[in-house]
Amino acid sequence: MTKKERYEYVIRYFEEHAPDAETELIYDNPYQLLVAVILSAQCTDKRVNMTTPAIFEKYPTVQDLSTATVEELFPLIKSISYPNNKTKHLIGMAKMVTEEYNGEIPKTVPELIKLPGVGRKTANVITSVIDHQPNMAVDTHVFRVSARIGLTTNAKTVLQAEKQLVQNFPADKIHIAHHWLILHGRYVCIARNPKCGICGIRPACKYYQKITKPA
DNA sequence: ATCCCGAGGG
DNA sequence: CCCTCTGGAT
């Protein structure tokens with residue numbers, strides 16, 4: 001099967017089985033999404049969703065968050081990964097958005113990436129989810145699943161994987177393909193002992209071909 | 001022991 | 001390129 005055929009198979013499969021794939025992070029507006037995605041680093045969405053309601057209640061807007069102190073915000077974040085870093089990042093992000101963008105979350109990757117706590121992956125998530133910009137956020141799931149199936153080849157960094165995926169998925173599918181790969185990675189193509197037995201991508205998957213017909 | 005929707009700094 | 005940050009789930 002050619003790479004092109006793999007992509008076509010994957011698109012066809014998920015359009016049938018997960019046509020409404022979207023983030024599992026709970027949010028009502030760009031500010032809440034940005035906070036949730038910053039907190040999501042090395043942490044499950046479920047745990048982020050247990051943390052954010054208290055934050056949004058205490059700090060309803062990004063301007064409110066910009067006035068928070070480390071002492072009062074840290075306890076709300078304490079139970080997720082890297083609480084010290086994330087506390088500083090959230091306050092720094094809120095200050096910059098308030099001071100430099102009039103309290104409006106910027107909508108381009110170059111602007112977002114300048115915000116504290118916002119790297120390439122987070123900026124790609126925000127722009128693709130809010131605006132459907134054709135940016136592919138490559139996290140641990142997308143990286144692993146893409147490599148296994150064979151959507152990426154010899155990608156050693158997330159940036160290399162991102163470029164290959166953006167080149168090969170049609171531009172209008174990229175934002176949803178991100179969620180397809182995430183959800184597949186979370187529930188089927190998991191890191192340890194992937195559930196190939198229930199996987200619908202099998203016919204197009206390099207990894208499955210390899211484990212069933214070793215060279 | 002390994003993994004979870006990474007970012008920042010050296 | 002590497003390392004550190006750092007808690008909870010499996």
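So you know, we letter chains A, B, ... as the sequences are listed, proteins then strands, and number each from 1. It should be emphasised that the depicted structure is a prediction, and the values quoted were computed from it without experimental measurement.
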Separation between the P atoms of C/dC3 and B/dT2, rounded to whole Å: 16 Å
Sugar-phosphate only, base, or nothing, as touched by A/V138 at under 4.0 Å among non-hydrogen atoms: nothing
Sugar-phosphate only, base, or nothing, as touched by A/A191 at under 4.0 Å among non-hydrogen atoms: sugar-phosphate
5'-most by nearest nucleotide on DNA chain B - A/G185 or A/L115: A/G185
Whole-Å distance separating the CG atom of A/L183 from the P atom of B/dC4: 14 Å
N or O in side chain of A/H141 less than 4.0 angstrom from B/dC4 OP1/OP2: yes
Phosphate OP1/OP2 of B/dG8: any A/N85 side-chain N/O under 4.0 Å: no
Sugar-phosphate only, base, or nothing, as touched by A/T157 at under 4.0 Å among non-hydrogen atoms: sugar-phosphate
Contact summary for A/R144 and A/G185, nearest pair of heavy atoms: NH2-O, 2.9 Å
A/S81 side chain near C/dC5 phosphate (N/O to OP1/OP2, under 4.0 Å): no
Closest non-hydrogen atom pair between A/C196 and A/I211, with its separation: SG-CD1, 4.0 Å
Value in whole Å for how far the P atom of B/dA7 lies from CD1 of A/I38: 9 Å
Ring-on-base stacking C/dG7 with A/Y82 (under 5.5 Å, under 30°): no
Residue pair A/V35 / A/M93, side-chain heavy-atom distance below 4.5 Å: yes
d(CG, A/L34; P, B/dC5) in whole Å: 18 Å
Polar pairs (N or O, both sides) under 3.5 Å between protein and nucleotides 8-10 of chain C?
residue : atom : partner : partner atom : Å
C/dG8   : O3'  : A/R47   : NH2          : 3.3
C/dA9   : OP1  : A/R47   : NH2          : 3.2

Rounded P spacing from C/dT4 to B/dC5 in Å: 24 Å
Polar pair under 3.5 Å, donor/acceptor by atom type, side chain A/T23, base B/dC5: yes
B/dG10 to C/dT6 separation - P atoms, rounded to the nearest Å: 16 Å
Interatomic distance, A/E162 CD vs B/dC5 P [rounded to whole Å]: 19 Å
Between P of B/dC5 and CD1 of A/I26, the distance in whole Å: 14 Å
Interatomic distance where CD belongs to A/E22 and C1' belongs to B/dC5 [whole Å]: 15 Å
Residue pair A/L151 / A/Q164, side-chain heavy-atom distance below 4.5 Å: no
Side chain proximity check, A/L112 to A/I105, heavy atoms < 4.5 angstrom: yes
Sugar-phosphate only, base, or nothing, as touched by A/D45 at under 4.0 Å among non-hydrogen atoms: base
Candidate pair A/Q133 and A/D131, rule side-chain hydrogen bond (donor to acceptor under 3.5 Å, both in side chains), full reasoning: CA-CA 5 Å; A/Q133 290 179 38; A/D131 251 6; 3.1 Å; yes
Nearest atoms (heavy-atom pairs only) where A/V10 meets A/I201: CG2-CG2, 4.2 Å
DNA chain B contacts made by residues 164-179 of chain A, counting heavy atoms under 4.0 Å: A/H178, A/H179
For atom CZ of A/F74 and atom P of C/dT6, their distance in whole Å: 8 Å
Where A/P83 and A/F74 come nearest, the two heavy atoms and their spacing: CB-CE1, 3.5 Å
Closest listed nucleotide, where the reference is the side chain of A/V125 and the choices are B/dC5, B/dA7, B/dC4: B/dC5
A/R120 CZ to B/dC5 C1', straight-line distance once rounded to whole Å: 16 Å
Distance in Å, A/K95 NZ paired with A/T67 OG1, rounded so as to fall on 0.5 Å steps: 7.5 Å
Parallel, tilted or perpendicular, as decided by the 30° and 60° cut-offs, for the rings of A/F14 and A/W180: parallel
Neighbour count >12 (heavy atoms, 6.0 Å) for atom CD, A/E57: no
